[in-house]
Amino acid sequence: MGIRILIADDHNVVRRGLAFFLKTQEDFEIIGEAKNGQEAVAMAAELKPDIVLMDLDMPVMDGISATATIKKDQPEMKIMILTSFSDQNYVIPAIEAGATGYQLKDIEPDELAASIRRLCSGENQLHPKATSHLLSQFSGSKRDARKQLEELTKREVEVLKEIASGKSNKEISTSLYITEKTVKTHVSSILAKLELADRTQAALYAVKNGLVDE
């Protein structure tokens, strides 16, 4: 089964260009194109894409509002913000709204395709500029971070550090000499103990709390 993609962008040339390129990828299927946030919400509910490529600055409903609405009704749906804006006034609200990826429109086409695949496989896909804005402002759990970290086993801390470096489960298993199934078990345990929703939040949590270098 290919990755089913919904594109939301109000600029016709950008939207059509994205669709044209992504259709060249054998494992991608473009199932819809929305020209504003309201259309994106309606089409996401009807078409059930695996991932939505969401622009931020759109008429009728902006990308942040559309993202929040989609995630409220379909929390499992992946949403990658694809925008020209990299400042914190856009990045932070987008992630807080539930976006699981954030890339800039100057990304190379092949890298965009790779980012979509990685995001759909469960990896966090944030542009470095987006990550830097979130390190000190990420709105995760309000419980004491040190107490939470003490709940993790030594191996879980090691896995969390690997997640923060952007590694896939396969790469983590190779690095730590454990099976992918064991990695998945550790990831699930980490998310539960830290009260986090996904790997993106886990990566930001790790950096924010000094487990890896910024």
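Heavy-atom basis, side chains included; hydrogens, waters and symmetry copies ignored.
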- prompt: So, the side chain of Thr69 versus the backbone of Ser65: is there a donor-acceptor pair under 3.5 Å, distance only?
  reply: yes
message: Rounded at 0.5 Å granularity, tell me how far CG in Asp27 sits from CZ in Arg4.
response: 14.0 Å
Heavy-atom neighbours of Lys105 NZ exceed 12 at 6.0 Å: yes
task: Could you walk me through whether Leu160 and Leu194 pass the side-chain contact (heavy atoms from CB on, under 4.5 Å) test, one step at a time?
output: CA-CA 11 Å; Leu160 180 56; Leu194 299 183; 4.0 Å; yes
query: Any side-chain donor-acceptor pair under 3.5 Å between Thr182 and Thr179?
result: yes
query: Can a cation-pi geometry be assigned to Arg117 and Phe28, taking NZ or CZ under 6.0 Å from the six-membered ring centre and within 45° of the ring axis?
result: yes
message: If I take atom NZ from residue Lys35 and atom CZ from residue Arg15, how far apart are they, to the nearest 0.5 angstrom?
response: 7.0 Å
query: Would you say Val41 and Ile70 make side-chain contact, with heavy atoms under 4.5 Å?
result: yes
message: A side-chain contact here means heavy atoms from C-beta on lying under 4.5 Å apart; do Leu176 and Val183 qualify?
response: no
- prompt: Within a strict 4.5 Å, meaning less than it, do heavy atoms of the Leu149 and Val157 side chains meet?
  reply: no
Side-chain (Thr24) to main-chain (Phe20) donor-acceptor, under 3.5 angstrom: no
Considering all heavy atoms, the nearest Asp10-Pro59 contact: CB-CD, 3.5 Å
query: Can you check whether Asp57 reaches Asp62 side chain to side chain, under 4.5 Å on heavy atoms?
result: no
- prompt: Yes or no on side-chain contact (heavy atoms from CB on, under 4.5 Å) for Met80 and Val52, after CA distance, side-chain angles and deciding distance?
  reply: CA-CA 6 Å; Met80 176 182 284; Val52 181; over 6 Å; no
field: Within-4.5 Å side-chain heavy-atom neighbours: Asp50 and Lys78
entry: no
field: Any donor-acceptor N/O pair, Lys71 side chain to Met77 backbone, under 3.5 Å
entry: yes
task: Using a cut-off of 6.0 Å, state whether more than 12 heavy atoms not belonging to Lys48 lie near its atom NZ.
output: yes
- prompt: Just by distance, do the side chain of Ser175 and the backbone of Glu171 share a donor-acceptor pair under 3.5 Å?
  reply: no
task: Please lay out, stage by stage, how Thr200 and Tyr205 fare under the test side-chain contact (heavy atoms from CB on, under 4.5 Å).
output: CA-CA 9 Å; Thr200 299; Tyr205 182 100; over 6 Å; no
- prompt: Can Ile64 be reached from Val60 by stepping across I, L, V, M, F, W or Y side chains whose heavy atoms are under 4.5 Å apart?
  reply: no
- prompt: Does the distance from a Lys or Arg side-chain N to an Asp or Glu carboxylate O, for Arg118 and Glu111, drop under 4.0 Å?
  reply: yes
- prompt: How close do Ala66 and Met54 get, heavy atom to heavy atom, and via which atoms?
  reply: CB-CE, 3.8 Å
CE-NE2 distance between Met58 and His11, expressed to the nearest 0.5 angstrom: 11.0 Å
query: Any donor and acceptor pair, going by atom type alone, linking the side chain of Lys193 with main-chain N or O of Glu151 inside 3.5 Å?
result: yes
- line: Taking every heavy atom of Ile178 against every heavy atom of Ser173, the minimum-distance pair comes out as O-CB, 2.8 Å
- prompt: Is a salt bridge present between Glu180 and Lys170, judged by a nitrogen-to-oxygen distance below 4.0 Å?
  reply: no
- request: Compare every heavy atom of Ser115 with every heavy atom of Ile107, then report the nearest pair and how far apart it is.
  value: CD1-OG, 4.1 Å
- request: Would you give the length of the straight line joining atom CD1 of Ile95 to atom CD1 of Ile81, rounded to the nearest 0.5 angstrom?
  value: 7.5 Å
field: Residue among Asp55, Leu112, Ile7 satisfying side chain to side chain contact (heavy atoms under 4.5 Å, CB included) with Leu82
entry: Leu112
- prompt: side chain to side chain donor-acceptor pair (under 3.5 Å) with Gln74: which residues, sequence neighbours excluded?
  reply: none
- request: Could you walk me through whether Ile31 and Ile5 pass side-chain contact (heavy atoms from CB on, under 4.5 Å), step by step?
  value: CA-CA 6 Å; Ile31 62 171; Ile5 301 171; 6.0 Å; no
query: Are Ile172 and Ile163 side-chain neighbours, meaning at least one heavy-atom pair lies under 4.5 Å?
result: yes
query: Going by an N to O cut-off under 4.0 Å, is there a salt bridge joining Lys161 and Glu158?
result: no
Spacing of Thr100 atom OG1 and Glu76 atom CD [to the nearest 0.5 Å]: 11.0 Å
message: Regarding Lys23 and Glu29, does a basic nitrogen lie under 4.0 Å from an acidic carboxylate oxygen?
response: no
task: Using the ring pair (Phe, Tyr, Trp, His ring centres under 6.0 Å) rule, collect all pairs that involve residues 176-195, keeping only residues at least two apart or in two chains.
output: none
Minimum-distance pair of heavy atoms, taken over all atoms of Glu39 and Asn36: N-OD1, 2.8 Å
- request: Indicate yes or no: at least one non-hydrogen side-chain atom of Phe21 is less than 4.5 angstrom from one of Ile30.
  value: no
field: Heavy-atom pair with the smallest gap, counting every atom of Ala44 and Pro49
entry: O-CD, 3.6 Å
Note, Leu6 side chain near Leu53 side chain (heavy atom, < 4.5 Å): no
message: To the nearest 0.5 Å, what is the distance between CG on Leu104 and OG1 on Thr83?
response: 7.5 Å
Arg155 CZ: over 12 foreign heavy atoms closer than 6.0 Å: yes
task: Report the residues that fulfil side chain to side chain donor-acceptor pair (under 3.5 Å) with Asp198, sequence neighbours left out, ordered by chain and then residue number.
output: none
- request: Output yes when a side-chain donor or acceptor of Glu156 lies under 3.5 Å from a complementary backbone atom of Thr153, and no otherwise.
  value: yes
